[in-house]
Amino acid sequence: PLDRRHLVMALTDTIDTISSNDAARIDEIARRSDAVLHVVLVSGESVPSLYRPWIPYQDYQPATLRAAAERTGGAVHDRGSDHPVTAFRRVVEDFRSSYVLGYSLQGVKPAGWHDVAVKVTRPGTYTVRARKGYFGR
């Protein structure tokens, strides 16, 4: 359903040989999407593609990819720290146990980019992953 949260999980070896989008475009999509993006990095040898690349070959752009995931409230799960299945399981468990906060704008123009900051004032240790902002219409 359109009114529910959506989760996008990408599994990549970070060798871009056939993408139709570059890292900057993925970041722009993340800015405008309501979905949460998690990227799971896996190890793998670079194997030449059998297909002609749609865009010129580009090396992995870790900062741009990480920014895109974090912008949505997601994260990049580095290779070597977890088996991909473990990372996927953790992402789904975290997504299912997370909270959705709602709010209403007051005193700002609805159109354009709006930064969002989430702070916890209660004592304790908490992990806060939240969208960095949103585009109003």
Side-chain angles (χ1 to χ4, degrees):
L2 294 177
D3 60 342
R4 292 188 63 189
R5 296 181 312 146
H6 292 90
L7 174 64
V8 175
M9 296 171 64
L11 181 69
T12 180
D13 64 0
T14 71
I15 307 298
D16 188 355
T17 59
I18 194 166
S19 291
S20 60
N21 292 305
D22 60 14
R25 180 70 177 137
I26 298 300
D27 187 55
E28 182 62 24
I29 292 168
R31 284 180 182 272
R32 296 184 179 271
S33 173
D34 289 332
V36 177
L37 171 64
H38 283 269
V39 180
V40 178
L41 305 179
V42 296
S43 297
E45 292 183 19
S46 177
V47 178
S49 174
L50 299 176
Y51 304 98
R52 184 173 167 265
W54 298 346
I55 61 173
Y57 175 83
Q58 296 185 8
D59 289 329
Y60 169 56
Q61 299 175 13
T64 305
L65 191 57
R66 187 173 303 278
E70 290 174 356
R71 184 177 319 287
T72 68
V76 171
H77 305 271
D78 294 318
R79 67 185 93 192
S81 59
D82 275 337
H83 186 279
V85 172
T86 304
F88 271 82
R89 187 174 291 129
R90 182 178 307 121
V91 167
V92 170
E93 288 171 1
D94 286 352
F95 187 77
R96 291 181 64 204
S97 66
S98 63
Y99 291 94
V100 177
L101 302 176
Y103 52 90
S104 297
L105 290 176
Q106 294 182 353
V108 297
K109 295 178 183 177
W113 178 257
H114 298 277
D115 289 325
V116 172
V118 177
K119 298 177 185 176
V120 178
T121 58
R122 186 178 192 174
T125 303
Y126 302 94
T127 300
V128 176
R129 280 193 309 265
R131 296 192 63 78
K132 303 302 181 198
Y134 68 94
F135 276 101
R137 297 178 175 103

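No hydrogens, no waters, no symmetry mates; every other heavy atom, side chains included, goes into these values.
Under a hydrophobic clustering in which Ile, Leu, Val, Met, Phe, Trp and Tyr are joined whenever their side-chain heavy atoms come within less than 4.5 Å, directly or via other members, V118 and V108 fall into the same cluster.
Under the salt bridge (charged side-chain N to carboxylate O under 4.0 Å, His left out) criterion, R71 pairs with D27, not counting sequence neighbours. With sequence neighbours left out, the side-chain contact (heavy atoms from CB on, under 4.5 Å) criterion links V8 to A35, L37. Applying the side chain to side chain donor-acceptor pair (under 3.5 Å) rule to R32 yields the partners E28; only residues at least two apart in sequence or on another chain are considered. With sequence neighbours left out, D34 forms a salt bridge (charged side-chain N to carboxylate O under 4.0 Å, His left out) with no residue at all.
Contact of the V116 side chain with the R131 side chain is not registered, since no non-hydrogen atoms from C-beta on lie closer than 4.5 Å. Side-chain contact between D78 and R66 is present, with heavy atoms from C-beta onward closer than 4.5 Å. For the pair V42/L11, a side-chain contact is recorded, criterion being any heavy-atom separation below 4.5 Å from C-beta on.
Between the side chain of S33 and the backbone N or O of I29 there is no donor-acceptor pair closer than 3.5 Å.
The two atoms that bring A68 and A30 nearest to each other are O-CB, 3.5 Å, heavy atoms only. Here the shortest heavy-atom pairing between M9 and F88 reads CE-CD2, 2.6 Å.
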Evaluation steps, side chain to side chain contact (heavy atoms under 4.5 Å, CB included), between L41 and V76: CA-CA 7 Å; L41 305 179; V76 171; 3.7 Å; yes

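Evaluation of the salt bridge (charged side-chain N to carboxylate O under 4.0 Å, His left out) test over residues 94-110, restricted to residues two or more places apart or in two chains, returns D94-R129. Screening residues 114-126 for side chain to side chain donor-acceptor pair (under 3.5 Å) gives W113-D115 as the qualifying pairs, with residues at least two apart or on separate chains.
The CG atom of L65 lies 10.0 Å from the CD atom of E70; values are rounded to the nearest 0.5 Å.
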